[in-house]
Every structure is written in C-alpha cells, then in structure tokens.
Enquirer: 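Next up is a structure, given as structure tokens.
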Number of protein chains: 2
Amino acid sequence: MNDQSSVPGRSDPTTWVGVDPSKDYTRPPPLTRPRIVRTALSLVDEKGLAALTMRALATELEVSPMALYNHVRDKDELVDLMVDLMLAEVDTSVTEGDWLTQLRALVRSYHQALAAHHELARVYSVRVRIGPHGLLIMERTVALLLEAGFSPAEASDVFFVLFIYTAGFQQIGDVVPRRDSATREETGYYPPLPPQQIPAITAVSSHLNGPHRPGRFDYGLELLLAGLQIKIAQPEKAAAAPQ
Amino acid sequence: MNDQSSVPGRSDPTTWVGVDPSKDYTRPPPLTRPRIVRTALSLVDEKGLAALTMRALATELEVSPMALYNHVRDKDELVDLMVDLMLAEVDTSVTEGDWLTQLRALVRSYHQALAAHHELARVYSVRVRIGPHGLLIMERTVALLLEAGFSPAEASDVFFVLFIYTAGFQQIGDVVPRRDSATREETGYYPPLPPQQIPAITAVSSHLNGPHRPGRFDYGLELLLAGLQIKIAQPEKAAAAPQ
DNA sequence: ACCTGAACACCGTTCAAGT
DNA sequence: ACCTGAACACCGTTCAAGT
C-alpha cells in the first residue's frame, strides 16, 4: 500500500553515511521533483489512473496540495515526467546481432516497460510530449532503420508504425461486450445479437474473451517485422499502397 | 457552430409532412437518446473531447443537465453510445475480391471512420465497450480471417493486432518535443539534446515533424497484410515468436 | 414518465499570506 | 525559495420536488 520504503529516507541507515548533519532528518524526505514523480507513478501503478489527483498525491507525500506547484507547472507536466520515468526502463543499449534482432529487442523492451505500468500507458499515446528517454528510444529505433537501409522518409513511417502498435497495445482490454446478461436486460443497453448473427465471433469466442493472450504482442510484432524484411528485399515499391 | 440545422426539426418544412398535429412543434425537437448522442458527437467533433461535459451538452440541447439522465445512465454510457454511432459509418458490406482485398477495404473504412472523428477516437481504445456496430465490424473481420484459413486462435490474434493498430493510429499526434525553444528555456522542462547526440533523428527530422503523413496508415497496414500473407503461405510456424 | 433547481462531493488551480 | 489555507470556477451525479 504505502511504498515509501523504496524511497531513500530517514529509516534506511545506509543513507546516513555522509549526509549533511545540519539538516533535520526526523521529517520525511524533502519534496523534490524526482520524489514527486516517483510517488505519482507508484500511486498510478497501485491505484489506477483515476486515483491520480493533485490532492491525493499531496496527501501521499504528506504535504499541502499547493506545495506540488513549486516543483511542477501543472498536472500535464507531471504526467509528461511520469511517462519519461517509465520510459527510462527501456533498454536501449543492445548492440548484438543484425538490425532486425536489435530492433526486435528494442521494441520488446519498450513493450515491457509499458506493460509494467499499463495504467500510465493508457494515457501515453493520447498525449505524447516526448522527453529525454523517449528521444533516446526514438533515436535508437530510427538509427537501426537507417542502418538497415530504409530511406529517411520510410524510416520515419516505420518508426511511427512500431510506436503506434506498441503504445496502442496496452490500451486494449477485452473487446467483447462488458455487460453481462443481467445488466444488459436491466438497461437494454447493448441488445445481444443472437449467435447465428455472429457466427465467426461465436466460433472464436473462447480466444477473444478476456485480456491479452501471452504472446499476442509478439505475434503482431513478428507480422510487422516480416513485412519490413520484404520491404528491404524489394525496395522499389517503397510506401506505395493500392488505391 | 450551432449544428442544429442537420437535426430534423421545426424549421425544416419537409419534416412537416405527415406529422402528428397534436404535438407542439414550436418547441425544439423532443429529447431522445439518439438526438442526445448525435449532438454529443458533433459537439466533440467541433470543440474537442474536453468540451464534452454533461452541462455543456445540456445547454446545447436547451435543457437542464439532469434531463439527460432520463435517457442515459451516466457519461460513460453516453461515450459508449457515441463510439457506436461513429462505428456505424464503417462499411462492412464489401464482398468483392478475395479475403485480402476485402480485409484491406474493411480496415481502411474502419480507419476512415475513426479519422473523421479523431477527437472521439482518442478515447476509443482506452475504454472499449463494444456495441452492435462494433460487433458487426468484428464479425466481418474474423469471418474473413477464418475464410482465409487462419485458425480460431490465430484469427483472434490477427483481429486484435489490426484493431490495435487502427485504433492506436488516431491517438498519435506529433511525437517530437512540443515545447518550442522559448518555452523550453523558460522551464528547463525538456533539456534539448544537441543534434550530435541524436544524429538519426536529425537526419529524418523533416519527416518526423508534424502530423501524420498521408498514406502513413496504409503503409503500416500493408506491412501487416504482407506479414499475414506469409503466415498463410507457411502455416506451420503459426504464432511462434523467438524467445 | 419526464424535467427542474438546489445541493453534494469532488476536481485543478489562483491568490494572498506566511516562513 | 518554499509552503500553506482559503477560495474560485468548474466537474458528475444524487435528491427531492414539480408536471
């Protein structure tokens, strides 16, 4: 519940080594921008995106709501900083293997960072103000694509497609109607279509239900990577799509 | 600004043919669920997602805020209904050509419906409660995939991937740092990385900037479809992805 | 059955004041 | 420079009351 134990503070004896003795360590750790952003991220991870209010975050930090505004311009900026903290977890340092292997590793690491903070990831693609870590991911991705032989124009298209797929993936829960029959009858909200009207869905319903199947992300990624290999092999038709 | 002219009402003489004369047509049209949903959608289209408040919608409909709650359970249900109205624009009736041609047409029509209402589309993937029109799109997509020869398990993966890509696409604006240099200096918010630290981005920056390039959606879609054709040609390796 | 006004329990943020 | 309490202008929604 209360994750302050992971924040370096007074109760951890190792942090007492070499500290400034003029400061009062009986109080909670000082309010800093990194601490605000870290606390906000763990709050969203634990209690969901809707639980992130400036007031709730302030009480979590044992401070007045307005104190936050000394370190953060507004809630928008706070979310931007949280996203960049999340993206700091992406491993951009893989340099073994060919471009395809490296690209796959990079996108997967990106996916895993988003999956580890899927509540925050839901807001991610909606409002993308890229920060330093986001820039770094972008740089590595584009560099690999240029190295693979894609033109600058095509490399930017590919980057967007990979980015959109990965960011979008976290936002989709189950797609089947959420109202169970009881609720549906109460409201007449979504008139249930009889199975004979939706035979294909009925045939695959056991696979459609529930959250994402493990490996589903990788399945789509491999689809995209296979497409990329074809494009590289026959560069003449470029980005042309049938009208 | 005021789009009531598109709503059948008293000022359109053609709607007077065959009307019930016992009713008072000097008042605005009666408050019905479809009219609420239509008005809400055009409000979001014109003024953005943030402008959709129950209060603003009520004044647009010249009615008290609480009157809406007689036709709609809450704001969540309203948004669900708006999404389904948007999805009603998707053409699910194309039956010419092979499965690949039909699938491409279907996904493109889906994309166009979202693009036509991109403000609403931003919220779409975040909270997907599928309605009758969404179900129909899903049914057609899955049916085409089964017809193509995909297994039920793989067909559901493919559906999700296409769905995620299309829904996610609308949510990404420009990905480059939004703060211009003036703002950046003011706040030190996103320390600008010098170009030599991001050579690849610098090399393709003219293509990364700004909103989506026309044809970018189709580029990614063709990547996915190319991958699908490979999967169908060599069905033995199924959804296996390298560890 | 449908609509209304007042009120409740929230928001993010501004402001003036404290140290 | 940093923090506070009170207040402002909003939200979605409940409630009791009207017709």
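Numbers restart at 1 for each chain; the letters A, B, ... are given by sequence-line order, proteins then strands. Computation of the quantities below employed the complete heavy-atom set of this structure, encompassing side-chain atoms and omitting hydrogens, waters and symmetry-equivalent molecules.
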Enquirer: Looking only at atom types and distance, does a side-chain atom of B/Glu139 sit under 3.5 Å from a main-chain N or O of A/Ile201, one as donor and one as acceptor?
Expert: yes
Enquirer: In terms of the nearest nucleotide of DNA chain D, which residue is placed more toward the 5' end: A/His71 or B/Asp74?
Expert: A/His71
Enquirer: If we ignore angles and hydrogens, is there a donor and acceptor under 3.5 Å between the side chains of B/Arg108 and B/Thr166?
Expert: no
Enquirer: Take atom CZ of A/Arg35 and atom C1' of D/dC2, then tell me their distance rounded to the nearest Å.
Expert: 14 Å
Enquirer: Take the protein atom NZ of B/Lys75 and the nucleotide atom P of D/dC11, then report the distance between them rounded to whole Å.
Expert: 9 Å
Enquirer: Base, sugar-phosphate, or nothing for B/Met66, non-hydrogen atoms under 4.0 angstrom?
Expert: base
Enquirer: Using side-chain heavy atoms (C-beta onward) and a distance below 4.5 Å, is B/Arg33 in contact with B/Leu81?
Expert: yes
Enquirer: When both hydrogen-bonding distances must be under 3.5 Å and the geometry is Watson-Crick or G-U wobble, what is C/dT4 paired with, if anything?
Expert: D/dA16
Enquirer: Are side-chain N/O atoms of A/His117 and A/Glu89 paired as donor and acceptor at under 3.5 Å?
Expert: yes
Enquirer: Provide, to the nearest angstrom, the distance between the CD atom belonging to B/Glu77 and the P atom belonging to D/dT13.
Expert: 11 Å
Enquirer: When the distance from CE of A/Met54 to C1' of C/dT13 is rounded to whole Å, what number comes out?
Expert: 9 Å
Enquirer: Separation of A/Leu57 atom CG from C/dC11 atom P, in whole Å?
Expert: 12 Å
Enquirer: Name the pairing partner of D/dC11, where a pair is Watson-Crick or G-U wobble with both distances under 3.5 Å, or state none.
Expert: none
Enquirer: Strictly under 6.0 Å, is that where the ring centroids of A/Phe160 and B/Phe169 end up?
Expert: no
Enquirer: Using whole Å, what does the distance between atom C1' of nucleotide C/dT13 and atom CZ of A/Arg55 come to?
Expert: 9 Å
Enquirer: In whole angstroms, how far is the C1' atom of C/dG12 from the CG atom of A/Asp76?
Expert: 11 Å
Enquirer: From C-beta outward on B/Tyr69, which listed nucleotide comes closest to its side chain: C/dG12, D/dC3, D/dT13?
Expert: D/dT13
Enquirer: Output the single nucleotide from D/dT4, C/dC3, C/dT13 whose closest atom is nearest the side chain of B/Leu31.
Expert: C/dC3
Enquirer: Within the structure shown, what part of the strands sits under 4.0 Å from A/Leu52 by heavy-atom distance: base, sugar-phosphate, or nothing?
Expert: sugar-phosphate
Enquirer: What is the distance, to the nearest angstrom, from the CG atom on A/Asn70 to the C1' atom on D/dG5?
Expert: 14 Å
